[in-house]
Every structure is written in structure tokens, then in C-alpha cells.
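Please read the structure below before turning to the comments.
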Amino acid sequence: MLQLLLSAIGIIELLSPNALLDRAEQLALENSDDCELQSWVIPGARIEGLLIVISMWRSDRSYAAFKRFLGVIGLLALAFPRAYVEYGAELAYTDASDCRWKPWVYVGTRLVGLLYVIIALDELRND
């Protein structure tokens with residue numbers, strides 16, 4: 001089930017990154033219209049989506065490695081949600097300091113981080 005969900009996210013990111021990012025910005029930013037993405041973000045999202053799909057379906061080893069990688073990312077998001085969001089914003093937006101995040105974003109980042117850590121721990125337990 002997890003493999004299908006992650007694959008679906010990868011496919012959406014690959015085929016329709018603009019719609020995915022627009023929706024995410026509307027949910028997460030108080031002022032989404034005032035924040036401009038860097039020129040590399042849309043092509044980068046497509047590449048990320050492709051890599052996710054390949055990782056999910058290439059082999060059991062690549063899928064397991066992807067889940068362990070999620071754990072590393074999850075630890076950072078869980079332990080340092082504000083820094084995680086701010087660093088990501090600096091990479092993704094031309095004017096990151098102008099972006100105002102909705103209050104739930106930091107708690108949500110921590111929760112997603114926890115989920116990623118649980119996925120990785122489950123994978124390690126299965127090894």
C-alpha cells in the first residue's frame with residue numbers, strides 16, 4: 001500500500017508538478033501569491049518524481065534504500081522542523097524571507113518527519 005501511495009505521489013510530481021506545487025503553496029503559505037519559485041524547482045520536481053517512481057519499482061533493494069533515505073530526511077524534519085522548512089524555502093524561493101508560513105506547517109513538518117522515521121524503522125526491522 002505504501003509503495004502505491006509513494007508511487008502515485010511520484011507520478012503526480014512527474015506529470016503535473018505545477019498543480020502539485022500550487023496546491024501545496026495554497027495549503028502552507030499565508031501569502032502564496034507573493035512567493036516566487038526558483039526557475040529550477042519545476043524541472044527538479046519532475047526529476048524527483050521520476051527518481052521516486054524508479055526507486056519504488058526498480059527492485060526490492062532500491063525500495064528498501066528509499067525507505068531508509070526517508071528516515072534520514074524524517075529525522076531532520078522531526079528534530080528541526082523550523083530549520084527544515086526555512087532551509088527548503090531558501091532553496092526553492094527567490095524571495096524566501098517574504099514567505100509567511102501558516103502556523104500548522106511546523107507541526108505538520110514534524111509529523112511527516114515522524115512518519116518517515118517510522119517507515120525507515122519498519123524497514124530496518126524487516127531487514
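Heavy-atom basis, side chains included; hydrogens, waters and symmetry copies ignored.
Hydrophobic clustering of Ile, Leu, Val, Met, Phe, Trp and Tyr side chains at less than 4.5 Å, counting indirect connections, keeps L6 apart from L121. In the hydrophobic clustering of ILVMFWY residues, with side-chain heavy atoms under 4.5 Å counting as a link, L115 and I73 come out together. By the rule that hydrophobic residues join a cluster once side-chain heavy atoms approach within less than 4.5 Å of another member, I9 and V53 end up as members of separate clusters. There is no path of hydrophobic side-chain contacts, each under 4.5 Å, that joins L78 to L76. Hydrophobic cluster membership is shared by W101 and L21, with clusters built from Ile, Leu, Val, Met, Phe, Trp and Tyr side chains linked at under 4.5 angstrom.
Y63 places a side-chain N or O within 3.5 Å of a backbone atom of Q3 that can act as its donor or acceptor partner. K102 places a side-chain N or O within donor-acceptor distance of the main-chain N or O of Q26, the cut-off being under 3.5 Å. A donor-acceptor distance shorter than 3.5 angstrom exists from the side chain of N31 to the backbone of D98, with no hydrogens or angles considered. Between the side chain of T109 and the backbone N or O of P81, no donor-acceptor pair lies under 3.5 Å. A distance-only check finds no donor-acceptor pair linking the side chain of N18 to the backbone of I42 [under 3.5 Å].
I47 CD1 to E13 CD: the interatomic distance, rounded to the nearest 0.5 Å, is 10.5 Å. Of the inter-residue distances, the one linking D60 atom CG with S62 atom OG reads 8.0 Å to the nearest 0.5 angstrom. Rounding to the nearest 0.5 angstrom, the gap separating the CG atom in L14 from the CD atom in E48 is 11.0 Å. How far CG of D22 is from CG of L37: 8.0 Å, rounded to the nearest 0.5 Å. To the nearest 0.5 Å, the span separating OH on Y84 from CG on L75 amounts to 11.0 Å. Note that CG of D122 is 9.0 Å distant from CG of L2, once rounded to the nearest 0.5 Å.
R68 is linked by a salt bridge (charged side-chain N to carboxylate O under 4.0 Å, His left out) to D127, counting only residues two or more places apart in sequence or in another chain.
Counted within 6.0 Å of OH on Y106, heavy atoms from surrounding residues, nucleotides or ligands total more than 12; the atom is thus considered enclosed. The environment of OH in Y116 is sparse: at most 12 heavy-atom neighbours from other residues, nucleotides or ligands sit within 6.0 Å. Applying the 6.0 Å contact sphere to CD of Q38 captures more than 12 heavy atoms from other residues, nucleotides or ligands.
Listed here is the closest heavy atom pair of W104 and A28: CZ2-CA, 3.9 Å. Closest of all the heavy-atom pairs between D95 and C35 is OD1-CA, 3.7 Å. K67 and A120 get closest at one heavy-atom pair: O-CB, 3.4 Å. For the residue pair W40 and L91, the shortest heavy atom distance occurs at CZ2-O, 3.1 Å. Heavy atoms only, all atoms of each residue included: S32 and E25 are closest at CB-O, 3.7 Å. Of all the heavy atoms in A96 and A89, the pair that sits closest is CB-O, 3.3 Å.
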